[in-house]
There are 2 protein chains.
Amino acid sequence: MVRIKDVAKAAGVAPSTVSLVLNKKGYVSVATRKKVEAAMAELNYIPSEVARNLSLSRTNTIGVVMPSAAHPFFGEVIEALEAALYEQHYKMVLCCTHDNGETERNFVDMLKRRTMDGIIMGAHSLDVSLYDNIKQPIVAFDRFINNDIPIIHCDHEYGGRLAAEAFLQHKCHHLVEIIGHHAVKSPANAYHRVCAELLQAHGIKVDTIERPWNEVSYQSFLTVANRLFTVYPDVDAILGSDLSVSACLQVAKSKGLRAPQDIRMVAYDGTLVTQMGLEPITAIRQPVRDLAKLAVQKVIERIEGKEIDGPWMIKPQLLRGTTC
Amino acid sequence: MVRIKDVAKAAGVAPSTVSLVLNKKGYVSVATRKKVEAAMAELNYIPSEVARNLSLSRTNTIGVVMPSAAHPFFGEVIEALEAALYEQHYKMVLCCTHDNGETERNFVDMLKRRTMDGIIMGAHSLDVSLYDNIKQPIVAFDRFINNDIPIIHCDHEYGGRLAAEAFLQHKCHHLVEIIGHHAVKSPANAYHRVCAELLQAHGIKVDTIERPWNEVSYQSFLTVANRLFTVYPDVDAILGSDLSVSACLQVAKSKGLRAPQDIRMVAYDGTLVTQMGLEPITAIRQPVRDLAKLAVQKVIERIEGKEIDGPWMIKPQLLRGTTC
DNA sequence: ATGAAAGCGCTAACAC
DNA sequence: GTGTTAGCGCTTTCAT
């Protein structure tokens, strides 16, 4: 391994000088710069980033915690975060919790060990006390953690309103909402609340059905969809996440129901899933790229010592499909 | 910040002793261990991983390079790799290249700077010379790079055979294969070749249609699907990746074609996408978790200095749907 | 404009 | 068993 001092020796200068040309800092005469650069090329020198990190107490790495990478929505989020981080010259280390508390704990430990300069937290753990004594910058992605941790999310109340407006363009009598497990404290719950309120104000009956904790197979979405139609046979409007609604559409079709004539459906998230079936599902699209950019910008501001407040929100958008 | 020497001072011992208890190495009397542990707790000591990394010349981090995280297949792969790495106490830093050579180059640079102990490379770059002078361990994931870099992949020839067998259970006359861009050198091309050969041996006509480079929107899959039906109106069998076939199914339905009576389709990969539409698509499922585990095992063996050979393959599996 | 030297926080060889 | 000490490779202040 060739070190900075090897380059210095070869170039006949001091290590500090090499460091200066390496980082394009300070004043170095053109002549010595040339010598140093020649020596670096000659020796095929590559600086050790770890040594640099230790010296600077900064790793240019930020940790991203998500429930899963295989889920279409989180896959998109991860992609967008990685791109935004890359643009700011940060590396992303990814942790998928699979809704497992221990995984999350371990990851937060890594953060504490200063492997990373900051964290973007998008998982839904149950134990929020994990985050009590952390000095490093954290921002939460669509998730409440505590009052010290700023949160970036989509304007879900507005999303709920968009969904309600879509439903109200048709005659519905009974909306069923497929909601996440009640233990998950997410700002996203707001869209269900708002949509329910608006429809109830128009005399529409609203029921909810809850998804099991930590079940991610598509089969489990089909199970819930089937239960929905069994428990509420007169349902004529459904609101839920992309996968939930996709499964409902599948079940509805198998029962010979047509959308939007017999039943209306709005999917929340608007990932690929809603575009991919035999008909495009009407969806509320979360502005994933913008959310990711904002989250990245905010962690970095915190890393750089700026005081930031939050929360921050971005409005979602209606993607008109054929199901509502 | 509290350092190891602070703990040492507080406990009345030497830093090296603290290091020993920290790493559960060597022999430390129970009494001093207790003292040290008390001091660590008292001071709320958290070791710096960066310093440790520098000292050990090892980061316990490995880089994963994939074309995208938003794509269902790569999302699954990333998830599986992360889980496998986590189990081995490795962190994953993720790079999505978006088929962009510069991104990849930058990432390989990071590797050279020894930020990471190794790389799992699953992207399809065009410039393979990038990998010429790398000392760190690399394994390729479903991708040919060069003869020095071992490769892990699914047994695609077997996959092609499975697909052919599925088609041959029906009467087909004209298979169209949707293939990736010709610049991508992937072992996965084998399944197209093998399936084509087997069907041609039965007198079935085979054509191919090539996907554009670096187009990832679902819209682009629909475009290709539409072109397929325009160019080959008598097509009655289609083989392609999940998204390609999903788009074809959508177009076929819109033309009133029924599967498998009028047209047969087999999707390669077998992600969520094939389960999600209105009918399950018959698919060749890549054993993603096993591939990921194997890839992780092999990079780690290389990191630990073991000589490994490769290539390694794992057999795919037929998922019977209703489309063939 | 360049060099000497101290430090970033930890590990490990060696001495006691 | 425990302490001393010399690294790991880079950055940066302070002289010159």
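Everything numeric here is computed off the predicted structure, so don't read it as measured data. Chain A is the first sequence line, chain B the second, and so forth, proteins listed ahead of strands; every chain is numbered from 1.
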Any heavy-atom pair between the side chains of A/Val299 and A/Ile119 that's under 4.5 Å?
no
Rounding to 0.5 Å, atoms CD1 (A/Ile138) and CD1 (A/Ile120) come to a distance of 11.0 Å
Heavy-atom distance under 4.5 Å between the side chains of A/Thr103 and A/Cys95, does that happen here?
yes
Along DNA chain D, first and last positions that approach a heavy atom of chain B under 4.0 Å:
D/dG1 to D/dG9
Output for pair (B/Arg114 CZ, A/Ile46 CD1), nearest 0.5 Å, gives 6.5 Å
A/Glu42 bridged to A/Lys35 by N-O distance under 4.0 Å
no
Under 3.5 Å, is there a donor-acceptor pair between the A/Ser16 and A/Ser19 side chains?
no
Please classify the nucleic acid contact of B/Leu54 as base, sugar-phosphate, or nothing, using heavy-atom distances under 4.0 Å.
base
Hey, is the main chain of A/His98 close enough, under 3.5 Å, to the side chain of A/Ser68 for a donor-acceptor pair?
no
Can we say A/Arg3 and A/Asp6 salt-bridge, meaning some charged N sits less than 4.0 Å from an Asp/Glu carboxylate O?
yes
Hey, can you pull the residues of residues 42-52 of chain B with a non-hydrogen atom under 4.0 angstrom from DNA chain D?
none
Strictly below 4.0 Å, N to O, side chains only: are A/Glu301 and A/Lys298 in salt-bridge contact?
yes
The reported gap from CG in A/Asp117 to CD in A/Glu304 (rounded to nearest 0.5 angstrom) is 10.0 Å
Pair A/Lys293 + A/Asp290: basic N to acidic O under 4.0 Å:
no
Sub-4.5 Å side-chain heavy-atom contact between A/Thr61 and A/Tyr90:
no
Stretch residues 3-28 of chain B: residues that reach within less than 4.0 Å of DNA chain D through a heavy atom
B/Gly12, B/Val13, B/Ala14, B/Ser16, B/Thr17, B/Tyr27, B/Val28
For DNA chain D, whose closest nucleotide is more 5', that of B/Arg114 or that of B/Arg33?
B/Arg33
Measure all distances between protein nitrogen or oxygen atoms and nitrogen or oxygen atoms of nucleotides 14-16 of chain C, and list the pairs falling under 3.5 Å.
none

Residues A/Glu49, A/Arg58: salt bridge by 4.0 Å N-O rule
no
Taking the side chain as every heavy atom from C-beta outward, state whether A/His71 and A/Met66 have any pair of such atoms under 4.5 Å apart.
no
To 10°, what angle do the rotation axes through the five end pairs on each side of the helix from C/dA1-D/dT16 to C/dC16-D/dG1 form?
40°
Could you work out, with side chain to side chain donor-acceptor pair (under 3.5 Å) as the rule, every residue matching B/Asn60, not counting sequence neighbours?
none
